[in-house]
K.L.:
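One structure coming up, written as C-alpha cells, with questions to follow.
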There are 2 protein chains.
Amino acid sequence: MQTPTTPSKRRGRPPKVPRANPDTRDALIRGGIEVLTEQGFVSTGIDGVLKRVGVPKGSFYHYFDSKEAFGHAVLSRYADYFARKLDHRLLSAELPPLERLRRFTQDAQEGMARHHYRRGCLVGNLGQEVTLLPAGFDERLEAILQDWQRRVADCLRLAQAHGELAADTDCDTLAAFFWIGWEGAVQRARLTREPTPLALFSQEFFARLSR
Amino acid sequence: MQTPTTPSKRRGRPPKVPRANPDTRDALIRGGIEVLTEQGFVSTGIDGVLKRVGVPKGSFYHYFDSKEAFGHAVLSRYADYFARKLDHRLLSAELPPLERLRRFTQDAQEGMARHHYRRGCLVGNLGQEVTLLPAGFDERLEAILQDWQRRVADCLRLAQAHGELAADTDCDTLAAFFWIGWEGAVQRARLTREPTPLALFSQEFFARLSR
DNA sequence: ACCAATTTAGACCGGTCGTCTCTAAATATC
DNA sequence: GATATTTAGAGACGACCGGTCTAAATTGGT
C-alpha cells in the first residue's frame, strides 16, 4: 500500500523520535479530531493535542496560523470523512435504501462503543459551544449538518422510488427530523455510556415511517 | 407572595450596594443557572457569576464549598424548576393530555426566543461536557432526564386513556424517544438561532403518533 | 559546494484566569 | 457586651493559555 522503499525523502529537520505518520500536518488534524470530539474546542489546549500526537509546538505553528485556523481545518477534515462514510452506506446498492440508513445507525453504534462512548459527533459537540466559539464556526457547523441532511434526503427519495416510503413524504423535512433526533441520541449515549439511546431512537424512527 | 413588611432582618454585614434579591445564596444559584446554561460548567469561572450577581468572592465561598458543590446546587435548582414547569403543563386539565405536551414544546420555543437562543437546556449542555465534569455529575444528569421522562410518560398514559394515543403504544419508550429528540432539537436551535428545529421536531413527532 | 527552503525542536513570554484563603467589617441575636 | 452570622474585598498562588522566537537538521536546487 506504500512505496516499498519508504525513502522518507522528507525535507526539513527530521523528527527526534520518528512518528508512525510522517505527515505532521495530517497527524495533527487527526489528533485534533480525536481530542476535539472528546473535549470540545474551548477547553482543549494546543498542548494537549501536541502531546498526544508527539509534535512540538513549533511544528504546530508552522502548519497553522492559530488555534482557530486549526479548528477549521479539523472541522473540514471531519466533515469530509463523515460525508464519505455516509455515502458509502447510503449509496451502496447492496441494500434497499431505507435499510442503508438503518445500517448507518448501526455502524455508529459500533463506532461509539469502540471509543467507549467518550467521543460523540464533533459537529454536535462544537455546536454546543456555539456561544463561546470564534465567529464563523456556527455557520460552518450548520452548513455541515445541512450537507449531511441533503445526503440523507436523497437516500429517502430513493426509498420512495423503491416503495419503502409513502410517496407523499416530505423527504427534506424527514431528513431534518432524523438529524435533529440523531444528534440528540448521540449526545445522550455519550452521557449514559450506553448504546441504548442510539438503538431506541433508530428503532422508533424507522417504526414510525409510513408505508 | 412575600411577607408584606419585608423587614430585611438579615444578620451579618449588609451588602455595600443592596441587591434586588437579598438572599445571596439564592441569587448566586439563579445567576449560576443563567451562566451555566449559556456557557457550560467547565469554561465558566466563578468570577463571571460573581460579577453578574454583584456579590464578592468571600460570600460565594461562605455558601458553597467549591465550584463543584455550586454546580450541583445549580443543577438541583434547575431540575426542580423544570419539573414544576413540566407538571404545570402536563397535569393541567384544561387541555387533552397530548395537546398539553405539544403546548410544552411551544412554551419552550418562546422561552428560547426570549433568550435569543443563547441558552439551551442546562442538563443537555452539561451532558455534552460529561468527559470533563467532576465525577458524579453524569449520574445526576441522567437521573434528571429520567425524571422528566417519567413525567412525560405519565402524560402519554393519560393520552391513551383519552383515546388520543393507540392503546398498544409503549409510553415509556415513546417518552424516551421524545426527550432524546427534543434535546437534539434544543441543541440545534441554539446553533441556528432559530425556532425552526424546535417547531420541526415537534411537528413531526406528533404527526407520527398512531391513532 | 553552497545557499535557500523546509521542517522540527522546545524554551520561553506575557498574560489571563482558575480556585480558594484570609482578615476585617458590619449587622443581628443572645 | 459577647457571639454568631454574613458581607467585603484584596490577593495568593499556580496552572495554563495561545503564541513567538531562535536554532538545528535535513533536502533540493544550482
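Lettering follows sequence order; numbering is per chain, from 1.
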K.L.:
Using whole Å, report how far CG of A:L132 lies from P of D:dC17.
P.N.:
16 Å
K.L.:
Using the side-chain heavy atoms of A:D47, tell me which of these nucleotides is nearest: D:dC17, C:dT7, D:dT6.
P.N.:
D:dC17
K.L.:
Which whole-number value in Å describes the distance from A:H62 NE2 to C:dG10 P?
P.N.:
16 Å
K.L.:
Write down the distance between CG (B:L28) and C1' (D:dT6), rounded to a whole number of angstrom.
P.N.:
12 Å
K.L.:
Tell me whether the OP1 or OP2 atom of C:dT6 has a side-chain N or O from A:Y63 closer than 4.0 Å.
P.N.:
no
K.L.:
Could you tell me if the ring centre of A:F70 sits under 6.0 Å from that of A:F60?
P.N.:
yes
K.L.:
Let me know the distance between CZ of A:F60 and C1' of D:dG18, rounded to the nearest Å.
P.N.:
9 Å
K.L.:
Given atom CD1 of A:I46 and atom P of D:dT20, what is their separation to the nearest angstrom?
P.N.:
12 Å
K.L.:
Could you tell me whether A:G58 contacts a base, only the sugar-phosphate backbone, or nothing, with contacts defined as non-hydrogen atoms closer than 4.0 Å?
P.N.:
base
K.L.:
Output the rounded distance in Å from CG (B:L50) to C1' (C:dG18).
P.N.:
13 Å
K.L.:
Ignoring hydrogens and geometry beyond distance, is a side-chain donor-acceptor pair present between A:E142 and A:Q146 at under 3.5 Å?
P.N.:
yes
K.L.:
Rounded to whole Å, please give me the gap between CG in A:D65 and P in D:dG18.
P.N.:
15 Å
K.L.:
How long is the line joining CZ of A:F70 and P of D:dC17, in whole Å?
P.N.:
14 Å
K.L.:
Among C:dT7, D:dT6, C:dG10, which is the nearest nucleotide to the side chain of A:T24?
P.N.:
C:dT7
K.L.:
Distance check: side-chain N/O of A:K67 vs OP1/OP2 of D:dG18, anything under 4.0 Å?
P.N.:
yes
K.L.:
Please determine, by modelled atom types, if A:R140 and A:S76 share a side-chain donor-acceptor pair under 3.5 angstrom.
P.N.:
yes
K.L.:
Under 4.0 Å between a side-chain N/O of A:Y61 and OP1 or OP2 of C:dT8, yes or no?
P.N.:
no
K.L.:
Going by side chain to side chain contact (heavy atoms under 4.5 Å, CB included), name the residues that satisfy it together with B:P134, two or more places apart in sequence or in a different chain.
P.N.:
B:F41, B:E68, B:F137
K.L.:
Please work out if A:T44 contacts a base, only the sugar-phosphate, or nothing of the nucleic acid, heavy-atom cut-off 4.0 Å.
P.N.:
sugar-phosphate
K.L.:
Do A:K85 and A:Y81 meet the criterion of a side-chain donor-acceptor pair at a distance under 3.5 Å?
P.N.:
yes
